[in-house]
Enquirer: 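Submitted below is the structure of interest, expressed as structure tokens.
One-based numbering, in listed order, for ligands and for the atoms of each.
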Amino acid sequence: MKMTLRWFGSKHDTVTLGQIRQIPGCVGVITTLYDTKPGEVWSRGAIRAMKEEIEAAGLALSGIESVNIHDDIKIGLPTREQYIANYIETLENLGKEGIDLVCYNFMPVFDWTRSDLAKERPDGSTVLSYDQELIDKIDPAKMFEEMDANSGGFVLPGWEPDRLARIKELFEMYKGVDAEKLFQNLVYFLKAIMPTCKKYGIKMAIHMDDPAWSVFGLPRIVNHKENIQRILDAVPVMNNGLTLCTGSLGSSPHNDIPDMIRSFKGRIHFGHVRNVIHLAPGKFDEAAHLSSDGSLDMFEIMKAFYDIGMTGPIRPDHGRMIWGEKAMPGYGLYDRALGATYLMGLWEAIEKSAKE
Ligand SMILES: O=C(O)[C@@H](O)[C@@H](O)[C@H](O)[C@H](O)CO
Ligand SMILES: [Fe+2]
């Protein structure tokens with residue numbers, strides 16, 4: 001396991017590489033070219049510059065999160081061919097720069113969804129939270145405005161404003177796309193990119209849907225054990241793998257996460273580890289990483305990662321906002337640093353007791 005932190009680049013992030021370097025045990029960052037749009041080709045020069053900046057700060061570029069997938073690929077439009085060709089070119093440029101891990105998601109229209117980006121918890125910290133009853137009252141077309149108004153001026157990953165203009169049109173375009181069609185479109189995409197992934201040893205790591213159930217009537221296909229296994233089986237090569245996100249899977253109390261980690265052994269290339277607290281069906285808050293602060297058993301989760309011989313990067317996923325920090329919701333420095341050191345403490349204990 002390599003401990004890493006997500007970083008949005010010096011133009012967009014309040015957290016610096018120098019600060020990340022000082023988190024004990026944190027060896028790399030997971031990053032992206034935040035200014036690129038889904039469907040655009042990433043130039044080799046831009047990738048190299050990003051890598052050099054990170055390495056100059058004494059850290060590794062441990063993977064990309066995300067190279068986003070254009071909606072035409074998810075919908076399965078004829079125009080997907082060009083966007084797939086562009087994606088392949090981006091993968092080639094990443095491969096040539098020695099980058100071998102790419103996280104992405106296959107959620108229609110919206111990336112992760114929350115009803116509140118700064119819900120106050122009893123200790124005064126604020127967290128991202130989800131309440132299905134509140135979401136049901138929101139007009140999906142207004143969702144971008146809601147998120148934007150609550151984001152404290154930061155551009156949220158997956159909620160880039162240029163998508164706002166197309167929201168109604170996007171909903172129209174997804175009308176004929178049910179879960180089966182979405183799955184077939186994912187398989188089509190994966191089959192098309194696999195030769196390039198094999199050539200450069202690139203591990204594609206699909207992120208789980210968040211929350212793990214259908215939102216605004218849009219289909220979900222990466223949300224529970226059987227669905228995820230079906231994706232792995234459809235393209236049964238190592239390069240078709242997972243970003244195992246405990247917070248996304250953990251939004252549903254029905255997901256047995258340690259069991260899923262064990263059964264997906266060999267196909268988990270990246271881990272997002274965070275805790276959530278279940279409040280009622282369809283209602284949860286993000287919590288501190290500590291097991292006792294939420295509903296997930298982080299010891300069992302880290303133990304499962306240890307048992308499968310996880311060698312890829314793990315990052316503390318979203319953190320709470322604490323100590324007056326002003327940062328992108330979920331992505332402040334302080335609580336993610338606490339999370340990283342806590343997870344490394346669990347790992348050290350598991351590792352040492354396994355050797356006794
Ligand atoms: O990790 C998470 O839960 C989120 O921050 C997502 O935005 C995630 O980065 C994407 O779904 C991956 O493509
Ligand atoms: Fe995640």
Enquirer: Is a donor from one side chain sitting under 3.5 angstrom from an acceptor on the other, for His207 and Glu65?
Expert: no
Enquirer: Can you sort out which atoms of ligand 1 are near Tyr104, meaning under 4.0 Å from one of its heavy atoms?
Expert: 13 (O)
Enquirer: Do Gln229 and Asp233 meet the criterion of a side-chain donor-acceptor pair at a distance under 3.5 Å?
Expert: yes
Enquirer: For atom 3 (O) of ligand 1, which candidate among Met328, Arg315, His272, His318 provides the closest heavy atom?
Expert: His318
Enquirer: What protein heavy atom sits nearest atom 12 (C) of ligand 1, and how far off is it?
Expert: Ser66 OG, 3.2 Å
Enquirer: In Å and rounded to the nearest 0.5 Å, what is the CH2 to CD distance from Trp213 to Gln132?
Expert: 6.5 Å
Enquirer: Heavy atom under 4.0 Å from ligand 1: found in Thr243's side chain, backbone, both, or neither?
Expert: neither
Enquirer: For ligand 1, which atoms sit closer than 4.0 Å to a heavy atom of Cys103?
Expert: 12 (C)
Enquirer: What part of Tyr331 sits under 4.0 Å from ligand 1 if we count only heavy atoms: the side chain, the backbone, both or neither?
Expert: side chain
Enquirer: Is His272 close enough that one of its N/O/S atoms sits under 2.8 Å from the Fe ion (ligand 2)?
Expert: yes
Enquirer: Among all protein non-hydrogen atoms, which one is nearest to atom 7 (O) of ligand 1, and what is the separation to 0.1 Å?
Expert: Trp112 CD1, 2.9 Å
Enquirer: How close does the nearest protein non-hydrogen atom get to atom 9 (O) of ligand 1, and which residue and atom is it?
Expert: Glu65 OE2, 2.4 Å
Enquirer: By atom name, which N, O or S atom belonging to Asp317 lies closest to the Fe ion (ligand 2)?
Expert: OD2
Enquirer: What part of Asp111, side chain, backbone, both or neither, has a heavy atom within less than 4.0 angstrom of ligand 1?
Expert: side chain
Enquirer: Does either side chain, that of Asp335 or that of His318, offer a donor lying less than 3.5 Å from an acceptor on the other one?
Expert: no
Enquirer: Taking 4.0 angstrom as the limit and counting only heavy atoms of Asn105, give me the atoms of ligand 1 inside it, by number and element.
Expert: 10 (C), 11 (O), 12 (C), 13 (O)
Enquirer: Could you measure the distance from the CG atom of Asp209 to the CG atom of Asn227? Nearest 0.5 Å is fine.
Expert: 8.5 Å
Enquirer: Would you say that more than 12 heavy atoms from the other residues, nucleotides or ligands in this model lie under 6.0 Å from the CD of Glu180, or not?
Expert: yes
Enquirer: Would you please determine whether Met208 falls within less than 4.0 Å of ligand 1 on a heavy-atom basis?
Expert: no
Enquirer: Angle between ring planes, Trp347 versus Tyr306, binned at 30° and 60°: parallel, tilted or perpendicular?
Expert: perpendicular
Enquirer: What's the spacing between Ile64 CD1 and Ile47 CD1 if we round to 0.5 Å?
Expert: 7.0 Å
